[in-house]
Amino acid sequence: MTEDELERLNAAYGREGAVAFRTSPLGGPVVALTHGAANVEVALFGGHVLSWTTGSGPDVMWLSPEARLDRGKGIRGGVPVCWPWFADHPTEKALPAHGFIRTRLWSVAESGADTAEAWVRLAISAHDTGFWPFSADVSLTVTLSDGLGLELETRNTGSHAFDLTEALHTYFRVGDIDAVSVSGLEGRTYLDKLDGYARKSESAPIRIGAEVDRIYLGDTAAIHLDDRSIGRRIAVTSRGSRSAVVWNPWIAKAQRLGDMGPDAHRSMLCIETANAGDDIVRLAPGAAHLLAAHYAVVKL
Ligand code: TA6
């Protein structure tokens, strides 16, 4: 994006001290939100939240040291927007995992700021392409206040209904994976991707000591990621979601992925707010669906 284009974005959507557009050293345009001591950075490539700092403690988001915005491929870390399918395409395995809007440039639709929050809405239209013969308008609204809110809205603008699976695939930074536990999913059924999607039941708060890749089914009041190494709880709440994914690649898969940097498994954990697994959204022509996540950080 040229400096002139950035200037036009700042003229149209910049808000003094709250919303600003700039070029990231990672190689692409980003919008920076500021509210008090908190900051968020969102890449226009993929509508991708890269970073969220609250003013105390490390970045809440984990981002690969190898992340780039200018290579046309999915950014490793932050909040990938998985849409219009979660994980592999249901029938065409050659298609990119987690859909195609995470590797497209989004446009800026709106922005705003007041004493309570700073926000920006990014948008993209997905029309008939060879492998997705439908039409939809998608927007991601990122709202920075005392917490961080993400709202992913899909509107079916075509004349055919389609099935949607999606996720806000959030990579949280942790101080030391050994000091982490995840609560709020006890008693829930999950699909274990590492065991042929076998249905299993969660019995206790989750500790991570190996690769974990699970789709938890049903409504989730709140999921708590407790990190005793950093001394913080990340509370995840959601709307429009009846599934949540917990993923850590551990050592071997992180090495196979090849772009996570050294010992990444010790410093990240994905808790993804989703419509995945059995949780499929059927969107009729003209209908809309909102998938929303809210993150709050409190001291432990
Ligand atoms: O959500 C978990 C998962 O489906 C894992 O199986 C792993 O493939 C991961 O997503 C990959 O995420 P990425 O950021 O590479 O799209």
Side-chain angles (χ1 to χ4, degrees), residues 26 42-43 45-51 59-69 71-104 140 150 152 164-174 177 180 182 185 188 190-198 200 202 206 208 210-217 220 223 225 236 238 241-261 264-280 291 293:
L26 300 182
V42 190
F45 178 71
H48 199 119
V49 174
L50 300 169
S51 164
D59 200 318
V60 184
M61 301 292 166
W62 178 90
L63 187 69
S64 168
E66 301 179 25
R68 291 289 307 179
L69 311 186
R71 297 208 177 122
K73 67 178 192 132
I75 298 166
R76 175 76 58 210
V79 185
V81 176
C82 305
W83 187 99
W85 61 82
F86 175 78
D88 291 336
H89 185 279
T91 56
E92 304 294 331
K93 298 307 175 198
L95 292 174
H98 294 324
F100 56 87
I101 59 172
R102 63 183 294 202
T103 52
R104 302 268 169 95
L140 178 72
L150 305 177
L152 182 65
L164 173 64
T165 57
E166 57 186 346
L168 295 165
H169 187 301
T170 305
Y171 286 69
F172 290 109
R173 173 174 301 282
V174 299
I177 196 69
V180 166
V182 176
L185 293 165
R188 304 286 300 283
Y190 67 87
L191 307 178
D192 186 348
K193 183 172 179 180
L194 305 178
D195 186 10
Y197 288 97
K200 301 179 181 177
E202 191 53 77
I206 303 161
I208 308 292
E211 184 179 354
V212 168
D213 198 343
R214 304 172 183 170
I215 301 174
Y216 286 83
L217 300 174
T220 310
I223 300 174
L225 187 166
V236 180
S238 63
S241 165
R242 292 184 49 77
S243 49
V245 178
V246 176
W247 175 59
N248 183 295
W250 212 243
I251 300 165
K253 176 143 190 183
Q255 285 171 345
R256 289 198 303 273
L257 290 170
D259 60 358
M260 295 189 75
H265 67 288
R266 305 204 61 80
S267 56
M268 56 71 65
L269 179 62
C270 282
I271 296 180
E272 305 162 33
T273 300
N275 298 122
D278 302 0
D279 175 15
I280 296 171
L291 175 69

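We use all heavy atoms of the structure for the numbers below, so side chains are in, but hydrogens, waters and symmetry mates are not. Just so you know, ligand 1 is whichever comes first in the structure, and atom 1 is the first atom listed for that ligand. Computed from a prediction, not measured in an experiment: that's the story for all the values here.
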Atom 16 (O) of ligand 1: which of R256, K253, R102, R214 has the nearest heavy atom?
R102
Quick check on contacts: which atoms of ligand 1 are under 4.0 angstrom from a heavy atom of E272?
1 (O), 2 (C)
Side chain to side chain contact (heavy atoms under 4.5 Å, CB included) against Q255, all qualifying residues, sequence neighbours excluded
I251
So do the side chains of M61 and V79 get within less than 4.5 Å of each other, counting heavy atoms only?
yes
Given F86 and I215, is the side chain to side chain contact (heavy atoms under 4.5 Å, CB included) satisfied, shown in steps?
CA-CA 11 Å; F86 175 78; I215 301 174; 4.2 Å; yes
With a cut-off of 4.0 Å, which atoms of ligand 1 are near a heavy atom of F86?
1 (O)
Looking just at side-chain N and O atoms, do D59 and S51 make a donor-acceptor pair shorter than 3.5 Å?
yes
Suppose we measure from atom 12 (O) of ligand 1 to each protein heavy atom; which comes out shortest, and what is that distance?
H169 NE2, 3.3 Å
Please check if any side-chain donor atom of R214 sits under 3.5 Å from a side-chain acceptor atom of Y216, or the reverse.
yes
Answer whether the closest heavy-atom distance between the side chains of L50 and L69 falls below 4.5 Å.
yes
Which protein heavy atom lies closest to atom 5 (C) of ligand 1, and at what distance to 0.1 Å?
D213 OD2, 3.2 Å
Starting from atom 14 (O) of ligand 1, which protein heavy atom do you reach first, and at what distance in Å?
Y171 OH, 2.6 Å
Specify the protein heavy atom at minimum distance from atom 15 (O) of ligand 1: its residue, its atom name, and the distance to 0.1 Å.
R76 NH1, 2.4 Å
Please could you name the atoms of ligand 1 that V245 approaches to less than 4.0 Å, counting only its heavy atoms?
1 (O)
